[in-house]
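I have placed the structure first, in the form of structure tokens, so that the comments after it can refer back to it.
Note that the structure is a prediction, hence the values are computed from the model and not measured.
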Amino acid sequence: MNVVMIVLRLVHIGLGVFWAGAIFFVVIFLEPSVREAGPDGAKVMRGIMRRRYLNWLPLVAGLTILSGLALLERASVGFNGVWFASPVGMGYTTGGVAAIVAFIIGVFVMRRSVLKAAGLGAALEKNPDDPNRDTTMVQIQALRHRARIAGRWVAGLLTVAVVTMAVARYL
């Protein structure tokens, strides 16, 4: 029994399920519901941000990727190029690259857009008579739209990662 492999697989699969499930939930259910709620949706988002969702998710994603790289190193016997040319290697590599790109988009586009929109919204709440209110609202809407599109990309890329990881060993 290889305890390190068992721990790496548990971390990778467990956190990967959490990461993908959290993104799918946000993209399919939460974001559309918050948008439909209008101004009251901001209350839900503030609650999520108070619980540090936008800090926890990148941590979970990062640990998923790091444990995946450790598994990949072991499976490929030290990142052996011949293994990567095999159907199994190409399958795992495709999933890993999709997850890494999803992480980058999630952290640097989706997360940043949500945080900036939340900051602008909080500033408007503190100063409801801001003469630039309309301009700020346009900025907030643009940031929310950017986050929504980025979320869809992240969900799509994580779908690729999940599917390829699930079937790669059978290729």
Side-chain angles (χ1 to χ4, degrees), residues 7-72 92 94-166:
V7 170
L8 284 172
R9 285 182 55 85
L10 285 173
V11 168
H12 184 69
I13 294 168
L15 294 181
V17 166
F18 180 84
W19 178 24
I23 290 294
F24 296 149
F25 173 76
V26 166
V27 169
I28 296 168
F29 298 106
L30 183 63
E31 186 279 327
S33 298
V34 166
R35 196 168 8 110
E36 283 177 13
D40 288 335
K43 294 175 186 175
V44 173
M45 291 309 296
R46 277 194 301 272
I48 288 171
M49 292 180 72
R50 269 193 313 274
R51 287 163 181 80
R52 301 187 185 279
Y53 174 80
L54 294 176
N55 294 335
W56 281 105
L57 203 56
L59 177 64
V60 166
L63 290 172
T64 301
I65 290 168
L66 290 174
S67 60
L69 287 171
L71 287 167
L72 194 61
Y92 282 126
T94 299
V97 168
I100 291 168
V101 173
F103 176 80
I104 291 167
I105 293 170
V107 170
F108 295 106
V109 179
M110 186 178 172
R111 181 177 184 272
R112 280 188 182 173
S113 297
V114 169
L115 289 173
K116 188 168 183 180
L120 290 171
L124 281 182
E125 282 184 9
K126 288 180 182 175
N127 187 9
D129 298 327
D130 186 339
N132 298 319
R133 183 175 187 77
D134 291 340
T135 303
T136 303
M137 287 304 295
V138 169
Q139 287 177 318
I140 290 170
Q141 290 305 319
L143 288 164
R144 287 179 180 164
H145 178 73
R146 185 175 186 201
R148 182 170 50 253
I149 298 303
R152 290 177 183 164
W153 274 98
V154 171
L157 288 162
L158 288 178
T159 299
V160 170
V162 167
V163 168
T164 56
M165 297 286 174

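Between the CG atom in Leu57 and the CG atom in Leu15 there is a gap of 10.5 Å [rounded to 0.5 Å]. To the nearest 0.5 Å, atom CZ of residue Arg133 and atom OG1 of residue Thr136 are 8.5 Å apart. Note that CD of Gln139 and CE of Met137 are 11.0 Å apart. Values are rounded to the nearest 0.5 Å. Taking CE from Met110 and CD1 from Ile149, the interatomic distance works out to 11.5 Å, rounded to the nearest 0.5 Å. For the atom pair CG of Leu115 and CG of Leu120, the computed distance is 11.0 Å after rounding to the nearest 0.5 Å. Interatomic distance, CG of Leu158 versus CZ of Phe24, reported as 5.5 Å (0.5 Å rounding).
Ile13 is listed as a side-chain neighbour of Arg9, based on a closest heavy-atom distance under 4.5 Å. Taking 4.5 Å as the limit, some side-chain heavy atom of Leu30 sits within range of a side-chain heavy atom of Val44. A heavy-atom distance below 4.5 Å is not found between the side chains of Val34 and Arg144. Inter-residue side-chain proximity for Leu157 and Phe103 is flagged as unmet; no heavy-atom pair is nearer than 4.5 Å. When side chains are defined from C-beta on, Trp19 does not count as touching Leu63, because their heavy atoms never get closer than 4.5 Å. Annotation: side chain of Leu71 is not in contact with side chain of Tyr92 (no heavy-atom distance under 4.5 Å).
Judged by distance alone, the side chains of Arg148 and His145 do bring a donor and an acceptor atom under 3.5 Å apart.
Taking the side chain to side chain contact (heavy atoms under 4.5 Å, CB included) definition, one finds that Glu125 meets it with Arg46, sequence neighbours left out. Judged as a side chain to side chain donor-acceptor pair (under 3.5 Å), and not counting sequence neighbours, the contacts of Arg111 are Asn55.
When all heavy atoms of Gly151 and Ile23 are compared, the closest pair comes out as O-CG2, 4.3 Å. Here the shortest heavy-atom pairing between Arg146 and Ser113 reads CD-OG, 3.5 Å.
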